[in-house]
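Just below is one structure, and these are the notes that go with it.
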Amino acid sequence: MSHPQFAAELLQRAEKQGPITIGLAGAGQMGTDIVVQVALMPGMRIGAISEVRPQAAIDAALLAGHDRSDIVQAANAAAIDRAIEAGKIAVTEDLHALAAAGRIDVIIDATGNPNIGTLFALEVMKNGKHIVMLNVEADITIGRFLKEEARKAGVVYTGAAGDEPACTLEIIGFAKSLGFTIVAAGKGKNNPLNLDAVPADYEKEAAERNMNARMLVEFVDGSKTAIEMVAIANATGLVPDVPGMHGPTATLEELASVLCPREDGGVLHRKGVVDYSIGKGVAPGVFCIIETKHPRVLERMIDLKVGKGPYFTIFRPYHLTSLEVPLSAARAVVYKRADMEPLDHPVAEAVAVAKTNLGTGQSLGMIGENDYRGFAMTWEDARAKGALPLGLAERAKVVKPVKAGDFLTYENCVPDDSMVITQIRRRLDQSDGRFVTNAA
C-alpha cells in the first residue's frame with residue numbers, strides 16, 4: 001500500500017531532484033496504459049520508450065496527451081539522454097540504448113517475453129538501474145537469480161504493483177503485521193476455466209476485448225493463474241495444497257469456510273496455501289484467509305462484520321493491473337524497496353501439461369497456444385516428477401511422445417539451450433542438486 005503521504009513525497013522529490021524518470025520497454029496494451037497513467041501522476045515522467053514498432057510508442061505518448069513535437073526518435077543512449085534533458089520523450093528501437101541511458105532512474109519491462117525479459121533485466125541491472133518486471137513468467141523461472149544479481153548491482157528487482165501477486169502480497173503483509181495466521185491466499189479467476197482452450201476458438205472474443213488470442217487463452221486455460229499463484233508462493237513460502245490447486249467455486253461469502261482445513265469443513269489438507277476461486281464475487285479481487293485464536297480478537301472481528309469466524313476473508317476487490325505499475329517504479333527509486341521479490345529458495349513450480357498429443361521431433365509453441373498449459377504444484381513434487389518448468393517450454397523439442405494431459409518432463413522434452421533463461425535455470429537446478437537428464 002502506498003503511504004498517504006507518498007504523492008506529496010514524489011512532488012517534494014521532483015522539486016529538489018526533478019521527476020522520477022522511467023524507461024519503458026514495450027508499448028503494447030500494458031505499456032500504453034503505463035504511458036497514459038504516468039502522465040497523470042505527480043513527480044513522475046516517462047523518459048524513453050523502447051519498442052520494435054516505434055509508431056506504437058508514439059501513439060501511446062500522443063494518447064497520454066504529449067505533443068507530437070515532444071516525442072523524438074533516438075538511436076542511442078546519448079540521444080535518449082539529450083531528449084530527456086530537453087524535457088522530451090525518446091522513442092528507440094534499441095533495448096540496449098534504453099538500458100544504458102544515464103538520465104533514466106528505473107525501467108519497467110513490459111515486453112512479455114521470458115527470455116528477452118531476462119536478458120534485458122540483466123543488462124538494466126548491470127547499468128545500475130532498478131527494474132520492475134511485468135514478466136511473471138521469467139520471475140517464476142529464475143527470479144531468485146535476478147534478485148541476487150540486483151543485490152550485487154545495488155539496485156532493486158521487483159514484481160509489479162497492480163498485478164494479482166503483488167496485490168495479494170499487500171494484504172498478506174497487512175494480515176501478518178497484525179499477527180494473524182495465514183491460512184490461504186490467492187485470487188478470483190477472471191475468465192471461465194477451459195483447460196483445452198486454444199487461440200483459434202478465442203479470436204472473436206480477443207478482438208472484442210482488444211487483446212491477442214494467445215494472451216486471452218493463457219488466462220482461460222489456467223496457465224496465468226498457475227503462474228501468478230506460484231509467484232505468490234515463491235515470495236511468501238505458501239504452497240499449492242494439491243497439484244493444480246483446488247480452485248473451488250466458492251463465492252466471496254463462502255471463501256473462508258471453503259479454503260480452510262478439512263477438519264473445519266473446508267477443503268485444505270494444511271494451512272498456509274495459495275489457491276484461487278472461480279465463484280461469484282471474488283474476481284477481479286484478491287484475498288487472504290486468516291485465522292485468529294484469541295477470543296477477544298475473534299469477538300471483535302465478528303462484531304465488525306468481517307465474517308463468522310474462526311476464519312475470515314481479508315479482501316481487496318480490485319487490481320488495477322498496468323495502472324498501478326508506476327507505483328512500484330516510484331517505490332524502487334524513493335525507498336529502494338521491492339514490492340515483490342522471490343525468496344532465496346522456491347517452494348512452488350509452474351510446470352507444463354500437454355493440451356494435445358505431442359509427437360517426437362515437435363518444437364513447442366508459446367504459453368497460451370495449442371501445445372501445453374501451466375499447472376501449479378510444490379517445488380518438491382515438480383522435482384520428483386522431473387517436470388519441465390513452464391518458462392522453459394517454449395521452443396523445447398519433444399524427444400518422446402507425450403499424451404494429452406501428461407506432464408512435459410526433462411525425459412520427454414529438451415529445453416532450448418540457446419535461450420539464456422534455460423542456461424540460468426540449469427545452473428540453479430544444478431546448485432540445488434536437482435538431477436536433470438538431457439543436461440549438457
Side-chain angles (χ1 to χ4, degrees), residues 1-25 30-31 33-50 64 80-81 84-85 87 89-90 98-110 120-121 123-136 139 143 146-163 165-174 176-177 235 316 319-342:
M1 271 298 175
S2 284
H3 192 271
Q5 294 301 312
F6 194 43
E9 280 177 54
L10 289 175
L11 281 173
Q12 279 165 359
R13 187 189 182 281
E15 278 162 25
K16 289 192 191 124
Q17 298 163 263
I20 289 171
T21 303
I22 294 173
L24 175 68
M30 300 286 263
D33 288 347
I34 290 166
V35 176
V36 170
Q37 194 66 32
V38 169
L40 304 170
M41 295 172 75
M44 297 175 75
R45 67 170 166 185
I46 297 284
I49 306 167
S50 170
I80 291 174
D81 284 337
I84 292 170
E85 283 159 19
I89 292 181
L98 184 68
R103 292 285 175 193
I104 289 173
D105 300 310
V106 55
I107 287 181
I108 298 172
D109 169 31
F120 180 55
E123 195 171 346
V124 167
M125 296 189 286
K126 281 197 185 88
N127 277 286
K129 292 185 188 55
H130 309 298
I131 179 96
V132 180
M133 287 282 270
L134 267 85
N135 205 322
V136 194
D139 182 74
L146 295 172
K147 179 182 81 165
E148 180 58 21
E149 291 302 297
R151 192 189 60 75
K152 287 182 197 159
V155 297
V156 173
Y157 163 80
T158 180
D163 219 2
C167 293
T168 310
L169 248 61
E170 239 176 52
I171 56 176
I172 290 171
F174 166 74
K176 273 188 170 166
S177 59
R316 186 192 203 254
H319 68 283
L320 304 185
T321 56
S322 32
L323 306 181
E324 291 183 60
V325 174
L327 290 173
S328 289
R331 285 191 282 258
V333 174
V334 175
Y335 302 136
K336 310 282 184 280
R337 199 177 68 216
D339 281 342
M340 175 170 170
E341 59 180 6

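For the numbers below, each heavy atom of this structure counts, side chains included, while hydrogens, waters and symmetry mates do not.
- Summarising the geometry of Leu98 relative to Gly23, their closest heavy-atom pair is CD1-CA, 4.0 Å, with the distance given to 0.1 Å.
- For Ala235 against Leu169, the heavy-atom pair with the smallest separation is CB-CD2, 4.0 Å.
- Scored by the side chain to side chain contact (heavy atoms under 4.5 Å, CB included) test, Asp33 finds Ser322, Leu323 as partners (sequence neighbours excluded).
- Residue Arg151 holds its CZ atom at 11.0 Å from CD of Glu341, rounded to the nearest 0.5 Å.
- To the nearest 0.5 angstrom, Ile34 atom CD1 is 4.5 Å from Ile108 atom CD1.
- Summarising the geometry of Met44 relative to Pro326, their closest heavy-atom pair is CE-O, 3.2 Å, with the distance given to 0.1 Å.
- Taking 4.5 Å as the limit, every side-chain heavy atom of Asn135 sits out of range of all side-chain heavy atoms of Phe120.
- The side chain to side chain donor-acceptor pair (under 3.5 Å) test applied to His319 returns Glu164, not counting sequence neighbours.
- Scored by the side chain to side chain donor-acceptor pair (under 3.5 Å) test, Arg45 finds Thr21 as partners (sequence neighbours excluded).
- Applying the side chain to side chain donor-acceptor pair (under 3.5 Å) rule to Lys16 yields no partners; only residues at least two apart in sequence or on another chain are considered.
- A pairwise comparison of heavy atoms in Met125 and Leu146 identifies CE-O, 3.5 Å as the closest pair.
- For Tyr335, the ring pair (Phe, Tyr, Trp, His ring centres under 6.0 Å) test picks out Phe6, with sequence neighbours left out.
- Contacts of Val36 classified as side chain to side chain contact (heavy atoms under 4.5 Å, CB included), with partners at least two apart in sequence or in another chain: Leu63, Ala64.
- For Asp339, the side chain to side chain contact (heavy atoms under 4.5 Å, CB included) partners two or more places apart in sequence, or in a different chain, are Thr158, Ala161, Ser328, Arg331.
- Nearest heavy-atom pair, Ala166 versus Ala160, reported as atom, atom and distance to 0.1 Å: CB-O, 3.2 Å.
- Taking CD of Gln12 as the reference point, atom CD of Gln17 lies at 11.0 Å (rounded to 0.5 Å).
- With sequence neighbours left out, the salt bridge (Lys or Arg N to Asp or Glu O under 4.0 Å) criterion links Glu149 to Lys152.
- Checking side-chain atoms of Lys129 against main-chain N and O of Ala101 turns up a donor-acceptor pair under 3.5 Å.
- Looking at Asp105, its side chain never comes within 3.5 Å of a backbone N or O of Ile20 through a donor-acceptor pair.
- In this structure, the side chain of Lys147 does not engage the main chain of Tyr157 through any donor-acceptor pair within 3.5 Å.
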| query | Step by step, would you call Ile22 with Val333 a side chain to side chain contact (heavy atoms under 4.5 Å, CB included)? | reply | CA-CA 10 Å; Ile22 294 173; Val333 174; over 6 Å; no
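- Asp139 has its side chain out of reach of Met133: every pair of non-hydrogen atoms, C-beta onward, lies at least 4.5 Å apart.
- Ala332 meets the side chain to side chain contact (heavy atoms under 4.5 Å, CB included) test with His130, Val156; sequence neighbours excluded.
- The structure places CG of Asp109 at 5.5 Å from CD1 of Ile131, a figure rounded to the nearest 0.5 Å.
- The side chain to side chain donor-acceptor pair (under 3.5 Å) check on Glu123 picks up His96, with sequence neighbours excluded.
- For CZ of Arg13, the number of neighbouring non-hydrogen atoms (other residues, nucleotides, ligands) closer than 6.0 Å is greater than 12.
- Other residues, nucleotides and ligands contribute over 12 non-hydrogen atoms within 6.0 Å of the NZ atom of Lys336.
- Taking every heavy atom of both residues into account, Pro42 and Ala7 meet most closely at CG-CB, 4.1 Å.
- For the atom pair Asp163 CG and Thr321 OG1, the distance stands at 7.5 Å (nearest 0.5 Å).
- Every residue two or more places apart in sequence or in another chain was checked for a salt bridge (Lys or Arg N to Asp or Glu O under 4.0 Å) with Glu9, and none qualifies.
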| side chain to side chain contact (heavy atoms under 4.5 Å, CB included) assessment of Val325 paired with Gln37 | CA-CA 9 Å; Val325 174; Gln37 194 66 32; over 6 Å; no
